[in-house]
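In what follows, a structure is listed as structure tokens, so that the remarks can point back to it.
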Amino acid sequence: MSRELEKIYSPADTEEKTYQFWLDGGYFHAEPDSKKTPYTIVMPPPNITGQLHMGHALDNTLQDVLIRFRRMQGYSALWLPGTDHASIATEAKIVEAMKKEGLTKEDLGREKFLERAWAWKETYGNRITAQLRKMGSSCDWDRERFTMDEGCSAAVREVFCRLYEKGLIYRGERIINWCPHCLTSISDAEVEYEEKPGHFWHIRYPFADGSGYLVLATTRPETLLGDTAVAVHPDDERYQHLIGKELVLPCVGRKIPVIADTYVEKDFGTGAVKITPAHDPNDFEVGLRHDLPIINVMTDDAHINENGGEYCGMTAAEARVAIVERLDREGFLEKIEEHTHNVGTCYRCHTVVEPRVSMQWFVKMEPLAKPAIEAVRTGKTKFVPERFDKIFYNWMENIKDWCISRQLWWGHRIPAWYCEDCGELIVSRTDPDTCPKCGSKKLRQDPDTLDTWFSSALWPFSTLGWPEKTPELEYFYPTNTLVTGYDIIFFWVARMIFSGVEQMGETPFDTVYIHGIVRDAQGRKMSKSLGNGIDPLGVIAEYGADALRFTLATGNSPGNDMRFSEEKVRASRNFANKLWNAARFVLMNMGDKEIVGLPATFTAEDKWILSKYNTLVKEVTDNLEKFELGLAVAKLYDFIWDILCDWYIELAKIRLNAGGETADAALQVLVYVFRGTVTLLHPFMPFITEEIWQALPHEGDTIMTSPWPVWSEEFHFPGEEGDFEKLLEAIRGIRNRRSEMNVPNSRKARVLIETKFAKTFEEGAPFLCRLAYASEVQVADKVEADGAVTVITESARIFMPMDDLIDKAKELERLNRELAACKKDQAMLSGKLSNENFVSRAPAAVVETERQRLAGVEEKIKGLEQSIAALQ
RNA sequence: GGAGGCAUAGCUCAGUUGGUUAGAGCGCUCGCUUCACAUGCGAGAGGUCGUAGGUUCGAGUCCUACUGUCUCUACCA
């Protein structure tokens, strides 16, 4: 890069080529290195159906900040990227696309369908990773993985077999959530509840002996076709005498018993519940307890099946109308109430799910959950912020068995075969060709695939080569930090933890850094249906990736949602531009000169900035180590803008303008601090910092691998820093007064200073001239200056003779106002310090600061009183 | 039903284990074409930190209750 920089920073010109420069240099690649400590992050794999959205942008910004920070600290830092096959989401998209061609899955057949799916993966799978590159993500692309690649598939198969062999995977007929649109079972976690208005039908079920009827209420009257009992609470006095009697099911004519079960709530509805074991999870449980028959009345696509008699072939909705109509006609309908209730819907297509009994594969959760809970409880894995461990416990402690089979084609096929001759079930790591029991060759593989989260659960170790014992697995596992949103703690994080503990004997990561979701400027969730999504790529194109990253990292505290607005991006862009212009300034002053090292002696302002910088280094490092990214970036912002640019550069201009060795010394300090600051900022704004770093004198090939700055005793100047602040306080005071009195900057004034800190102010004279518009500066123990404009600080009385501007009455009033405020402070402070409890119990350092503060205030009061006396 | 978050300037949000005078961005007011930057510079106004108690020498920060608000979870037919 040339030393001539454009006035306005233009990210579009540089980001692409900088990223390529990093790729070419292989700086993203991490290898097991015994001389270094590993630091590993596995990327939450985005879906191959996905496009980069703000959630990804946030997630990846945080990961990249952490990985770049650790890499610069000297760790062997691996950020392992990849994508997820997302079985149900991808299959749904492909089916949808086929529909436009008038095709169904069945038309194509499994094999052809999978060909299409892989073609889809080829086309769209790389789209999202290309978009991640635009963010500046420094992942090790050499190690990119896919949940259905050979290695990950082998891991899936191994885990399935292991769990099956341990009896932790079983096949059984259970009630599951069925999506009639996706035509598959889905797990409990995949059901989303939506409040919907509905009705509460009160229906009369007549007794078989003709002795009247029992009224019960239901929201799904069509399921009466599958009723096999009516339940009442055993203690319900209204119904106790009816227990054991028989009812005749309206519309159907089948006889069903009245049973007693404590599951029934006496006070809800009529206190009598129809029991449909095949189509309601609770009824299913009741059915098991009472050994009731299970009558499935629905087909896969939510039509009534042959068990529904005359209603066979109708959709559930049609059957509902027909049945209600008939109940009414035949006098079985008592009343209809309005009733809103929560209806379970499929998280992918939002079709109302039908609970139904079917044969599925399950993971037995309790034995897996326990050690996982233990791992978090003993701190082997920590959540940041901590409160999310409660959410984790809450879920893990109430976990139900996990339905893992899906009636889908895109995914890992379940490694189970059935012998068509003897019915033997074979679960195997390799495809079997003969039945081990009867020797038959007629084997049929289970048609189902696994829940997409089954493979994601293995991601932290399957991607490192497991079940092979690779050097990578040995070195990088367990990983360090998992960065993800709180919305997938159940789906993913919890499952990774128990899988890691079970398969590897170690939790997959020591820290789970949880962030919130990115909302729009009004605080609404960004969604397709609202159309309020902001495309990160559009933001990058307009403002640059650095501005986007900076925006997402700023003011974002762990676990909390954030609002995204273009104003914030503009502020970030302006900051980048500020930094850019500071760089231009430095380079302009350097010209062709070689600036290396630091001067032999430091001036007061040098010590001041070096001391401030030293503190910044420490604090930013601490913040990053504690995952306080928002705080770290805020400190960098404040330092660069308010300390470095607004003050130090302005202070340095005097020496820079002087030229020669004086200017070189100032440049040395300026370059040192500026380069260090840019280095600290690099994890947040990688592109612009690389650009600037390359233009500054530097060692090494890239800022990416330049050493992270460390706190240094050499720059520890607390006393000098404090002294210099006295001068800055005076400059601010003078500017303030001049501004209040509307004195134009062009009108210079003599500045007379009465102070005990003569050296500081004498040496500061040039700064007072340049930054406080002094024509000359005189420093003395005692100054007589009647009628001058007066500025009183805690360390000085400052006079500017500008008689024509003085209104004595006004000046008096102002000084008295200031005096009153100081006296109030004084009273508060001396009260505090004369409080025996405070002095004895508060830490000495706190008491000391308060003492100093009081001394300062009293000094100021003295000054004010003198000036007031002089005016009177 | 269960759990949790949030409530701080006009708006959006920071505020790290309790410790000076509670900060920033945007917006607002006043003044600046100062030789890095008007995507800028200087100065300023604006807050009883949701309400009521409590713990403490000291509370925006910890505890309790309440109010408002958002989310997760359960799924009463």
Side-chain angles (χ1 to χ4, degrees), chain A residues 5 7-9 188 191 193 200 216-220 223 231 263-265 267-270 272-276 280-283 341-344 385 387-388 390-391 393-395 398 486-487 489-490 516-517 521 523 543 554-557 559-565 567-568 570-589 619 622-623 626 628 630-631 634 637-638 642 645-646 649-650 653 657 732 735-740 742-746 770-771 773 821 825 828-829 832 835-843 845-847 849-850 852-854:
Chain A
L5 301 185
K7 200 165 173 179
I8 302 277
Y9 172 61
D188 293 342
V191 178
Y193 287 87
F200 216 17
L216 49 84
T218 183
T219 55
R220 295 195 302 160
T223 62
Y263 148 71
V264 181
E265 296 253 344
D267 302 329
F268 190 82
T270 64
V273 188
K274 58 196 259 337
I275 299 297
T276 324
D280 182 280
N282 291 305
D283 291 6
H341 59 142
N342 279 333
V343 181
R387 64 171 189 271
F388 285 99
K390 285 189 207 124
I391 291 174
Y393 295 142
N394 191 37
W395 194 66
N398 299 299
Y486 57 69
D487 45 340
I489 291 178
F490 306 135
I517 55 175
Y543 298 101
T554 302
N556 176 25
S557 52
N560 288 347
D561 291 352
M562 67 178 307
R563 295 190 194 200
F564 189 91
S565 66
E567 279 122 82
K568 291 184 184 176
R570 268 198 293 273
S572 304
R573 186 270 319 261
N574 291 354
F575 174 63
N577 195 54
K578 183 75 185 173
L579 185 72
W580 184 251
N581 277 290
R584 283 181 64 217
F585 176 80
V586 174
L587 296 173
M588 184 187 81
N589 279 280
E619 292 188 349
D622 284 353
N623 286 142
K626 284 149 72 183
E628 294 162 349
L631 290 179
Y637 181 95
D638 290 344
D642 300 337
C645 291
D646 286 350
I649 286 184
E650 293 307 323
K653 278 178 181 173
N657 291 345
R732 282 191 208 100
R735 282 174 175 174
N736 178 346
R737 290 260 53 218
R738 292 178 60 105
S739 179
E740 267 173 25
N742 288 318
V743 184
N745 297 346
S746 53
R770 186 178 175 95
L771 303 178
Y773 315 104
D825 283 353
M828 192 264 285
L829 286 164
K832 212 168 173 181
N835 179 346
E836 183 54 33
N837 276 323
F838 173 71
V839 179
S840 61
R841 296 194 200 191
V846 173
V847 177
T849 357
E850 295 297 89
Q852 279 178 17
R853 212 183 127 206
L854 180 62

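First the proteins, then the strands, lettered A, B, ... as listed; each starts at 1.
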Check: Atom NZ of A/K390 to atom P of B/G2: distance rounded to whole Å?
Finding: 17 Å

Notebook entry, point to check: How does each nucleotide of nucleotides 34-44 of chain B score, in 5' to 3' order, for protein heavy atoms under 4.0 Å: base (B), sugar-phosphate only (S), or none (-)?
Noted result: B-BBSBSSBSS

Check: Using the P atom in both, what is the distance from B/U34 to B/C41, to the nearest Å?
Finding: 13 Å

Margin query: What's A/P281 touching, base or sugar-phosphate or nothing? Going by heavy atoms closer than 4.0 Å.
Written below: nothing

Next item on the list: Tell me what A/R853 touches on the nucleic acid: a base, only sugar-phosphate, or nothing, going by heavy atoms under 4.0 Å.
Entry: base

Note to self: In whole Å, measure the gap between the C1' atoms of B/C30 and B/U67 for me.
What the structure shows: 41 Å

Next item on the list: Could you list the residues that satisfy ring pair (Phe, Tyr, Trp, His ring centres under 6.0 Å) with A/F585, not counting sequence neighbours?
Entry: none

Notebook entry, point to check: With rounding to whole Å, what would you report as the distance between B/U20 and B/C72 at their P atoms?
Noted result: 38 Å

Next item on the list: With sequence neighbours left out, write down each residue that passes side-chain hydrogen bond (donor to acceptor under 3.5 Å, both in side chains) with A/K274, or none if nothing qualifies.
Entry: A/T223, A/D227, A/T276

Notebook entry, point to check: How do A/N394 and A/K568 order along RNA chain B: which one's closest nucleotide is nearer the 5' end?
Noted result: A/N394

Check: Just to confirm, is there a sub-4.0 Å distance from OP1 or OP2 of B/U20 to any side-chain nitrogen or oxygen of A/T849?
Finding: no

Notebook entry, point to check: When rounded to the nearest Å, what value does the distance between P atoms of B/A65 and B/C26 take?
Noted result: 41 Å

Check: C1' atom, B/C70 versus B/G50: distance in rounded Å?
Finding: 15 Å

Margin query: Could you tell me how far apart A/D638 (CG) and B/G25 (P) are, to the nearest whole angstrom?
Written below: 8 Å

Next item on the list: Report which part of the nucleic acid A/A571 touches: base, sugar-phosphate, or nothing (heavy-atom distance under 4.0 Å, all strands).
Entry: sugar-phosphate

Checklist line | Selection from B/G19, B/G5, B/C30 that lies nearest to any side-chain heavy atom of A/R387 | finding: B/G5

Next item on the list: Sticking with atom P, work out how far B/G54 lies from B/A59, rounded to a whole angstrom.
Entry: 12 Å

Margin query: Rounded to the nearest 0.5 Å, what separates atom OG in A/S565 from atom CZ in A/R570?
Written below: 8.0 Å

Item checked: Nearest-0.5 Å distance, OG of residue A/S739 to CG of residue A/N745 -> 9.0 Å

Check: CG of A/D267: more than 12 outside heavy atoms within 6.0 angstrom?
Finding: no

Next item on the list: Apply ring pair (Phe, Tyr, Trp, His ring centres under 6.0 Å) to A/F575 and list each qualifying residue two or more places apart in sequence or on a separate chain.
Entry: A/F550, A/Y637

Item checked: A/H341 NE2 - B/A74 C1' separation (whole Å) -> 16 Å

Checklist line | Under the 3.5 Å Watson-Crick or G-U criterion, the dot-bracket string of RNA chain B, with | for inter-strand pairs | finding: (((((((..((((.....[...)))).(((((.......))))).....(((((..]....))))))))))))....

Next item on the list: Would you please name every residue forming a salt bridge (charged side-chain N to carboxylate O under 4.0 Å, His left out) with A/E740, sequence neighbours left out?
Entry: A/R737

Notebook entry, point to check: Rounding to a whole Å, what distance do you find between A/L829:CG and B/U21:C1'?
Noted result: 9 Å

Next item on the list: Between B/A3 and B/A74, how far apart are the P atoms? Round to whole Å, please.
Entry: 15 Å

Item checked: Euclidean distance, atom CZ of residue A/F564 to atom C1' of B/U12 [Å, nearest integer] -> 13 Å

Check: Is there a side-chain contact between A/V847 and A/F838 (heavy atoms, below 4.5 Å)?
Finding: yes

Check: CD of A/E567 versus P of B/G27: gap in Å, rounded?
Finding: 8 Å

Checklist line | Residue pair A/Y9 / A/N581, side-chain heavy-atom distance below 4.5 Å | finding: no

Next item on the list: Classify the nucleic acid contact of A/Y263 as base, sugar-phosphate or nothing, counting any heavy atom under 4.0 Å across all strands shown.
Entry: base

Note to self: At less than 3.5 Å, do the side-chain atoms of A/N623 and the base atoms of B/U16 form a donor-acceptor pair?
What the structure shows: yes

Notebook entry, point to check: From A/T849 OG1 over to A/R853 CZ, what is the distance, rounded to the nearest 0.5 angstrom?
Noted result: 9.5 Å

Check: In whole angstroms, how far is the P atom of B/G19 from the NZ atom of A/K832?
Finding: 11 Å

Check: A/N560 and A/Y486: side-chain donor and acceptor closer than 3.5 Å?
Finding: no

Checklist line | Nucleotide B/C70, atom C1' - distance to CE of A/M562 in whole Å | finding: 17 Å

Note to self: Please report the distance separating the C1' of B/G19 from the corresponding atom of B/G58, rounded so that it comes out in whole Å.
What the structure shows: 7 Å

Check: When all nucleic acid strands are considered with a 4.0 Å heavy-atom cut-off, which category describes A/N835: base, sugar-phosphate, or nothing?
Finding: sugar-phosphate

Notebook entry, point to check: Starting at the 5' end of RNA chain B, which residue's closest nucleotide do you reach first, A/Y637 or A/L631?
Noted result: A/L631

